[in-house]
Amino acid sequence: MPFAHIDWNSATLQKAVGMNVLLPTQGKPPWPVFYLLHGLSDDHTMWQRRSRIEMYAAEYPLIVVMPDGFRGFYTNNEEGPAYATYMAEELPSFVERHFQAIPERHGRCIGGLSMGGYGALRLALGYPDRYASANSHSGALLHHLRSAESPEFARIWGDKAEGSDHDLQALARRAASQGKLPALKIDCGTEDFLLEDNRRFHGFLREEGIAHDYAEYPGNHNWDYWDLHVREALAFHAIQLKLAPSA
């Protein structure tokens, strides 16, 4: 696939930012976009360095955007940058101005791993009118409830995140009440230290009657697991975006 590395200046973050972009060779423009988010210790290069995302995405008429999410959990930090505003508003606007991308909800999907799994759901549920679908691999889905664990987390989520825009449960209830839920897919490895978080969030969605796909597979919190299951995420988003893989 054609590949681009983009450096530009974010007005929201007031700093230089980077992203990697894979461009499709299938279909005709404008194309839908898959925003693919990294984990806490990674950056925008890691999906290409550690997985075969380029090989898998080549089957679809789909742009893949891999932005740098820093360490802010893709939410508007209580003491720090407005990462959610950047990711859900400024970044898509930039992409849609500079690439032949569909500038509407039915042309956007989002996913990620670990911190990025939380981020994908945080953005899709917080901005349900902007994304057709969202997926989370091994997501840190309830980390906001443990903000007192470190000064860094406290700066992100504040003293009380429950019921706020950091709370995936509150966001899911709000999106459901508005009738704007994106399609959701969540998975986690059975040896992953975040498994209980994922099970609890799955249980919450089930109790609320919020439709979603949930799966547990053998595996741990590592790239062997994510490289395997990102293929399923691509297939899931392709269905929601009404795409067909190449023959």
Side-chain angles (χ1 to χ4, degrees), residues 10 12-19 35-47 49-51 66-91 110-127 134-174 184 186-205 216 219-226:
S10 164
T12 302
L13 302 183
Q14 298 185 30
K15 72 178 302 295
V17 293
M19 63 179 177
Y35 293 91
L36 186 56
L37 310 182
H38 64 75
L40 182 68
S41 61
D42 294 339
D43 65 11
H44 60 288
T45 69
M46 205 60 70
W47 271 104
R49 291 169 59 193
R50 298 293 180 86
S51 81
M66 294 161 282
D68 196 338
F70 309 96
R71 292 176 62 93
F73 276 80
Y74 305 96
T75 194
N76 289 340
N77 289 191
E78 293 299 311
E79 298 180 25
Y83 290 115
T85 301
Y86 165 67
M87 288 288 169
E89 299 180 24
E90 187 181 16
L91 176 63
I110 190 166
L113 65 87
S114 194
M115 178 185 79
Y118 165 87
L121 299 187
R122 158 67 181 92
L123 296 171
L125 294 172
Y127 296 83
N135 81 278
S136 167
H137 303 296
S138 315
L141 304 185
L142 300 178
H143 244 51
H144 63 280
L145 300 179
R146 299 191 290 274
S147 59
E149 285 184 356
S150 75
E152 180 182 22
F153 289 170
R155 287 191 294 271
I156 294 170
W157 291 303
D159 296 330
K160 182 174 175 55
E162 286 187 76
S164 73
D165 283 348
H166 309 303
D167 185 343
L168 297 184
Q169 296 178 350
L171 293 175
R173 286 194 184 103
R174 184 190 309 165
L184 302 174
I186 300 166
D187 65 78
C188 194
T190 52
E191 283 67 58
D192 197 302
F193 74 100
L194 291 173
L195 180 60
E196 288 307 315
D197 271 14
N198 283 263
R199 286 177 172 173
R200 286 174 59 196
F201 190 64
H202 163 55
F204 160 79
L205 293 176
E216 296 177 7
N220 212 320
H221 201 80
N222 57 38
W223 281 101
D224 289 338
Y225 180 89
W226 302 320

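Every value quoted in this text rests on a predicted model; they were computed, and no experiment measured them.
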Set of residues satisfying ring pair (Phe, Tyr, Trp, His ring centres under 6.0 Å) with respect to His202, sequence neighbours excluded: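 Ring pair (Phe, Tyr, Trp, His ring centres under 6.0 Å) list for His202, sorted by chain: His212, Tyr214.
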
Set of salt bridge (charged side-chain N to carboxylate O under 4.0 Å, His left out) partners for Glu196, sequence neighbours left out: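 With sequence neighbours excluded, Glu196 shows a salt bridge (charged side-chain N to carboxylate O under 4.0 Å, His left out) to Arg199, given in chain and number order.
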
Salt bridge (charged side-chain N to carboxylate O under 4.0 Å, His left out) partners of Asp167, counting only residues at least two apart: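 Expected list: none.
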
What distance do [X] atom [atom1] and [Y] atom [atom2] have between them, rounded to the nearest 0.5 Å?
X: Asp192; Y: Asn222; atom1: CG; atom2: CG; value: 8.5 Å
X: Leu37; Y: Ser136; atom1: CG; atom2: OG; value: 10.0 Å
X: Leu205; Y: Leu125; atom1: CG; atom2: CG; value: 8.0 Å
X: Ser150; Y: Glu152; atom1: OG; atom2: CD; value: 5.5 Å
X: Leu123; Y: Thr75; atom1: CG; atom2: OG1; value: 7.5 Å
X: Leu194; Y: Tyr118; atom1: CG; atom2: OH; value: 13.5 Å

Test side chain to side chain contact (heavy atoms under 4.5 Å, CB included) applied to Ile156 and Arg71, step by step: CA-CA 9 Å; Ile156 294 170; Arg71 292 176 62 93; 5.9 Å; no

Taking all non-hydrogen atoms of both residues, which atom of [X] and which atom of [Y] are closest, and how far apart?
X: Leu171; Y: Asp165; value: CD1-O, 3.3 Å
X: Ala161; Y: His166; value: CB-CB, 4.2 Å
X: Met87; Y: Pro67; value: SD-CG, 3.9 Å
X: His221; Y: Ser114; value: NE2-OG, 3.0 Å
X: Ala84; Y: Asn76; value: N-OD1, 3.0 Å
X: Asn77; Y: Gly72; value: ND2-O, 3.1 Å

Output yes when a side-chain donor or acceptor of [X] lies under 3.5 Å from a complementary backbone atom of [Y], and no otherwise.
X: Arg122; Y: Gly116; result: no
X: Asp43; Y: Thr45; result: yes
X: Tyr225; Y: Cys188; result: yes
X: Asn198; Y: Ile186; result: no
X: Glu191; Y: Gly219; result: yes
X: Asp197; Y: Gly139; result: no

Over 12 foreign heavy atoms within 6.0 Å of CZ, Arg173: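 Counting neighbours around CZ of Arg173, more than 12 heavy atoms of other residues, nucleotides or ligands fall under 6.0 Å, so yes.
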
Whether Phe73 and His143 hold their rings parallel, tilted or perpendicular, with breakpoints at 30° and 60°: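 Geometry flag for His143 against Phe73: parallel rings.
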
Pairing residues for Leu13 by the side chain to side chain contact (heavy atoms under 4.5 Å, CB included) criterion, not counting sequence neighbours: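 If we apply the side chain to side chain contact (heavy atoms under 4.5 Å, CB included) test to Leu13, skipping adjacent residues, the hits are Ser10, Lys15, Val17, Phe70, Pro81, Tyr83, Tyr86.
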
Partner set under side chain to side chain contact (heavy atoms under 4.5 Å, CB included) for Asp42, not counting sequence neighbours: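 So Asp42 forms a side chain to side chain contact (heavy atoms under 4.5 Å, CB included) with His38, Met46, Trp223.
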
Residue pair Leu141 / Leu121, side-chain heavy-atom distance below 4.5 Å: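 Counting from C-beta outward, Leu141 and Leu121 do come under 4.5 Å.
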
Salt bridge (Lys or Arg N to Asp or Glu O under 4.0 Å) pairs, two or more places apart, involving residues 76-85: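 Found none.
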
Distance-only polar pair, side chains of Trp226 and Ser138, donor-acceptor under 3.5 Å: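 Yes.
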
